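Below is one structure, written out as structure tokens; the observations come after it.
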Amino acid sequence: MKPLGRAFYARDALEVAPLLLGRTLVSESEAGTVTGRIVEVEAYCGPRDPASHAYRGPTQRNAVMFGPPGHLYVYFTYGMHYCANVVCESVGSPGAVLLRAVEPLSGVELMGERRGIDPASVRLLARGPARLAQAFGIDRSLDGSDLVGGPVWIGGRQVLRGDVVAGPRIGITKAAEEPWRFYEAGPWASPLRSPPLKAANVPGR
DNA sequence: ATTAAGATTGGCT
DNA sequence: GCCAATCTTAATA
């Protein structure tokens, strides 16, 4: 298997996001190699998306998002967690896709080590963006890392084991109603923490 | 210089 | 279900 090429990432984040589902995320390091099948992502659409870190223009933190596509944007949050994004689109157009969950495929022992848990608890290894980053050894030192030729990359064809669903994004307060979260129905994506549905959007009963 | 919030998680009731 | 942990970032003054 080889990394997806630059061209794959050079289009709208909303287009890239669902195409990432079912593909293989790979992380290679001295410690070993871990891989997983991507099952949940969220698109962040730059200047037109109030929830995007790039909404108010370039800053020191989000600089990578404004660079060329096919790179990793890694940020630190809540004083303890890292989250990994795939930078899309083109220079100056800061679209990105947050990697939210994978089904662990190989290297589960190393994942468990990094996570500080028993590898037998497979669902806790890389379900949730901060857990995924930890399991794959991704921190700020990989911010800007090239997905084409770098230690972290995405490859393969789409292997889907359930329906692809689009729904509201998780954990944000702005533009929370946009259905820009894409996931595979099944046991691997984040559990539904009942996103507050607006009464107007709830089908009558 | 100060401050409020945060693309989360894990532990406890 | 609720809440503390923990500290960087960016907005405000």
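This is a predicted model, so every value here is computed, not measured. Values reported hereafter were calculated over all heavy atoms of this structure, with side chains retained and with hydrogens, waters and symmetry mates removed. Lettering follows sequence order; numbering is per chain, from 1.
Here Tyr78(A) lies parallel enough and close enough to stack on the base of dG6(B), with planes under 30° and ring centres under 5.5 Å apart. In this pair, Tyr75(A) does not lay its aromatic ring on the base of dA7(B); centres under 5.5 Å and planes under 30 degrees do not both hold.
Here the P atom of nucleotide dG10(B) and the CD atom of Gln134(A) are 8 Å apart, to the nearest Å. Rounding to whole angstrom units, CD1 of residue Ile170(A) and P of dG6(B) are separated by 16 Å. Following rounding to the nearest Å, Leu132(A) (CG) and dA7(B) (P) show an atom-to-atom distance of 17 Å. Counting to the nearest Å, the P atom of dA7(B) and the CD1 atom of Ile138(A) are 18 Å from each other. The nearest whole Å value for the distance from the OH atom in Tyr55(A) to the C1' atom in dA7(B) is 16 Å. In this structure, Arg61(A) atom CZ and dT9(C) atom C1' are separated by 6 Å, rounded to whole Å. At whole-Å resolution of the value, CZ in Phe76(A) and C1' in dT9(C) are 11 Å apart. Rounded to an integer number of Å, the gap from Asn62(A) CG to dT9(C) C1' is 10 Å.
Looking at which nucleotide of DNA chain C each of Thr77(A) and Gln60(A) is closest to, the 5′-most match is held by Thr77(A). Where Arg56(A) and Met80(A) each meet DNA chain C at their nearest nucleotide, the meeting point lying more 5' is that of Met80(A). Each of Lys174(A) and Pro129(A) was matched to the nucleotide of DNA chain B holding its nearest heavy atom; the match closer to the 5' end belongs to Lys174(A).
The residue from Ile170(A), Leu98(A), Leu20(A) that alone fulfils the side chain to side chain contact (heavy atoms under 4.5 Å, CB included) condition with Glu40(A) is Ile170(A).
Residues Val64(A) and Leu72(A) are not in side-chain contact: their nearest non-hydrogen atoms beyond the backbone lie 4.5 Å or more apart.
Of all the heavy atoms in Ala130(A) and Cys83(A), the pair that sits closest is N-SG, 4.2 Å. Here the shortest heavy-atom pairing between Ile172(A) and Tyr44(A) reads CG2-OH, 3.7 Å. Scanning all heavy atoms of the two residues, the minimum distance from Pro69(A) to Ser90(A) falls at CD-CA, 4.2 Å.
Residue contacts for Ala130(A): at a heavy-atom cut-off of 4.0 Å it reaches the sugar-phosphate backbone alone, with no base atom in range. Among the protein residues, Ile172(A) comes within range of the sugar-phosphate backbone only, with heavy atoms under 4.0 Å from sugar or phosphate atoms but none that close to a base.
Residue His53(A) has no polar side-chain atom (N or O) positioned under 4.0 Å from OP1 or OP2 of dT9(C). Within the structure, a side-chain polar atom (N or O) of Thr59(A) is placed less than 4.0 Å from OP1 or OP2 of dA10(C). Between Arg127(A) and dG10(B) there is no side-chain N or O to OP1 or OP2 distance below 4.0 Å.
A donor-acceptor pair under 3.5 Å links the side-chain atoms of Arg169(A) to the main chain of Ala43(A), judged by distance alone. At least one donor-acceptor pair closer than 3.5 Å links the side chain of Asn62(A) to the backbone N or O of His53(A).
Proximity note for Arg140(A) (side chain, C-beta onward) versus dA11(C), dT9(C), dT9(B): the nearest is dT9(C). Minimum atom distance to the side chain of His81(A) is reached by dT8(B), of the listed dG10(B), dT8(B), dA7(B). Each of dT8(B), dG10(B), dG6(B) was ranked by its minimum atom distance to the side chain of Thr173(A); first place goes to dG6(B).
Looking at Arg115(A) and Gln134(A), their side chains do bring a donor and an acceptor atom within 3.5 Å of each other.
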- Task: Toss me the dot-bracket line for DNA chain B: Watson-Crick and G-U wobble, both under 3.5 Å, 5' to 3', using | for pairs to another strand and [ ] for crossers.
- Result: ||||||.|||||.

